[in-house]
There are 2 protein chains.
Amino acid sequence: MHRDEIPPGTLYLMILKTLARRRELHGYEIAKTIQQNSEDVLQVEEGSLYPALQRMLVKGWVKASWGTTTENRRARFYRLTPLGRKQLEIEQSQFERVVNAITRVIQTA
Amino acid sequence: MHRDEIPPGTLYLMILKTLARRRELHGYEIAKTIQQNSEDVLQVEEGSLYPALQRMLVKGWVKASWGTTTENRRARFYRLTPLGRKQLEIEQSQFERVVNAITRVIQTA
DNA sequence: TATCCTTCCATAGTCTAACTATGCATCGCC
DNA sequence: GGCGATGCATAGTTAGACTATGGAAGGATA
């Protein structure tokens, strides 16, 4: 089954939202969660995910701590910060706003 | 009123769709049409539009011819090619597919 | 034992495309 | 004269998702 590329910018939104409902997740879990929730349409490449998480750390949207998974593997766990939670709201409303606008254009046009 | 940036890739879609229902339009008209149909949410910058039209010419999605506007100005008119029409269908279904997937992620997550 | 898949992290480098800034020209209006 | 709107176009910047690649550790299997 063919997978599509993720439109630049929306990766942040999906990561933020995925983290918002959990206490903490590590990178691999985030990727798998997004893939599953998109019903396999979206595939988050590792070369996209980890740089994005680094940027989000710098921006202060997430915090990270090293730990071990249930399978006893070394992993880095990410948690949303209050700033990240605010950013999520911004990104979400922005997304809806833009998608609605585009939809109007390609319906009305 | 704050305007949002256009997600990379969707500009093609909006231009194609805008041209699909007209015989021909020049660049400035395309920009204004998109802006109006989006209810002023989307602002197509000239520095985005004209390079995009050039690329679409190269791809063979549009044809161009010089003429004069109703206001007697020199302008370049663009028309959709059959290839452009096919591309429109591709872009449109791709857009819906991806947006639906993202929506699932940010609702389910 | 060797091999292979999966899980997990990370970086380097490429590439697309939307952006800002800038330049040009003409028209109408004040 | 100046200014805004109409029109086209290019140069250079930037963000961010991608490919490719590297590593390490676990479990399964031959």
Side-chain angles (χ1 to χ4, degrees), chain A residues 3-16 24-36 38 41-59 61-62 64-78 91 94-95 98 101-102, chain B residues 2-16 24-36 38 42-59 61-62 64-78 91 94-95 98 101-102:
Chain A
R3 291 201 182 88
D4 297 278
E5 294 181 7
I6 294 167
T10 58
L11 181 53
Y12 288 143
L13 171 57
M14 292 192 291
I15 294 174
L16 289 169
E24 57 178 16
L25 287 176
H26 60 262
Y28 201 79
E29 282 177 323
I30 296 172
K32 289 299 166 194
T33 302
I34 292 175
Q35 188 174 332
Q36 284 166 21
S38 77
V41 175
L42 270 19
Q43 161 85 353
V44 184
E45 302 299 333
E46 304 197 331
S48 309
L49 177 70
Y50 293 110
L53 285 170
Q54 304 287 356
R55 293 193 299 269
M56 292 169 78
L57 273 171
V58 172
K59 288 168 192 282
W61 298 349
V62 296
S65 59
W66 286 96
T68 51
T69 69
T70 49
E71 285 160 332
N72 230 38
R73 280 165 189 283
R74 180 181 142 282
R76 207 171 177 191
F77 289 87
Y78 293 89
E91 301 260 346
Q94 189 107 1
F95 175 78
V98 171
I102 294 170
Chain B
H2 163 261
R3 291 202 182 86
D4 297 278
E5 294 182 6
I6 293 167
T10 57
L11 181 54
Y12 288 144
L13 171 57
M14 292 192 291
I15 294 174
L16 289 169
E24 58 179 15
L25 288 175
H26 60 262
Y28 202 80
E29 282 177 323
I30 295 173
K32 289 300 168 195
T33 303
I34 291 175
Q35 187 174 332
Q36 284 166 22
S38 77
L42 269 20
Q43 161 86 353
V44 184
E45 302 299 333
E46 305 196 331
S48 307
L49 177 71
Y50 293 110
L53 285 169
Q54 304 287 356
R55 293 191 299 268
M56 291 169 79
L57 274 170
V58 172
K59 290 168 191 283
W61 297 349
V62 296
S65 59
W66 286 96
T68 50
T69 69
T70 49
E71 286 160 331
N72 231 37
R73 281 165 189 281
R74 179 183 143 281
R76 206 169 179 191
F77 290 87
Y78 293 88
E91 302 260 347
Q94 189 106 2
F95 175 78
V98 172
I102 294 170

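All values reported here derive from a predicted model rather than from experimental measurement. Convention: sequence-line order gives letters A, B, ...; per-chain numbering from 1.
- Nucleotide C/dT26 holds its P atom 13 Å from the CH2 atom of B/W66, rounded to whole Å.
- We find that CZ of A/R73 is positioned 15 Å from P of C/dC5, with the value rounded to whole Å.
- With hydrogens and angles ignored, a donor-acceptor pair under 3.5 angstrom links the side chain of B/E46 to the base of D/dC8.
- Between A/L57 atom CG and C/dC9 atom P the separation is 12 Å, expressed in whole Å.
- Here the side chain of B/Q36 pairs no donor or acceptor atom with the backbone of B/T33 at under 3.5 angstrom.
- In this structure, the CD atom of A/E91 is 13 Å from the C1' atom of D/dA15, given to the nearest Å.
- Residue A/Y50 contributes atom OH, which lies 17 Å from atom P of D/dG23 at whole-angstrom precision.
- You'll find the side chain of B/Y28 reaches within 4.5 Å of the side chain of B/E46, heavy atoms only.
- For D/dA9, the OP1/OP2 oxygens have a side-chain nitrogen or oxygen of B/R76 closer than 4.0 Å.
- The distance from the CD atom of B/E29 to the CZ atom of B/F77 is 6.0 Å, given to the nearest 0.5 Å.
- Each of D/dA17, D/dC8, C/dC8 was ranked by its minimum atom distance to the side chain of A/S48; first place goes to D/dA17.
- Per the geometry, CD1 belonging to A/I15 stands 8 Å off P belonging to D/dA17, to the nearest Å.
- Applying the 4.0 Å criterion to OP1 and OP2 of D/dA17, one finds that A/Q43 has every side-chain N and O outside that range.
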### Message
Protein within reach of the bases, or only the backbone? For nucleotides 12-17 of chain C, mark each nucleotide 5' to 3' as B, S or -, using heavy atoms under 4.0 Å.
### Response
-----S
### Task
Could you give me the CA-CA distance, side-chain angles and deciding distance for B/V44 and B/I30, then say whether side chain to side chain contact (heavy atoms under 4.5 Å, CB included) is met?
CA-CA 9 Å; B/V44 184; B/I30 295 173; over 6 Å; no
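- Judged purely by atom type and a 3.5 angstrom limit, B/T10 has no side-chain atom pairing as donor or acceptor with the backbone of B/L13.
- Summarising the geometry, the separation between CD on A/Q54 and P on D/dG16 is reported as 14 Å, rounded to the nearest angstrom.
- Panel note: side chain B/T68, backbone B/N72; no donor-acceptor pair is recorded below 3.5 Å.
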### Task
Apply side chain to side chain contact (heavy atoms under 4.5 Å, CB included) to B/M56 and B/Y12, showing your working.
CA-CA 8 Å; B/M56 291 169 79; B/Y12 288 144; 3.7 Å; yes
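- For the OP1/OP2 pair of D/dG7 and a distance below 4.0 Å, the side-chain nitrogens and oxygens of B/T69 include at least one atom meeting the criterion.
- Taking atom CD of residue B/E45 and atom P of nucleotide D/dC8, one finds them 15 Å apart after rounding to whole Å.
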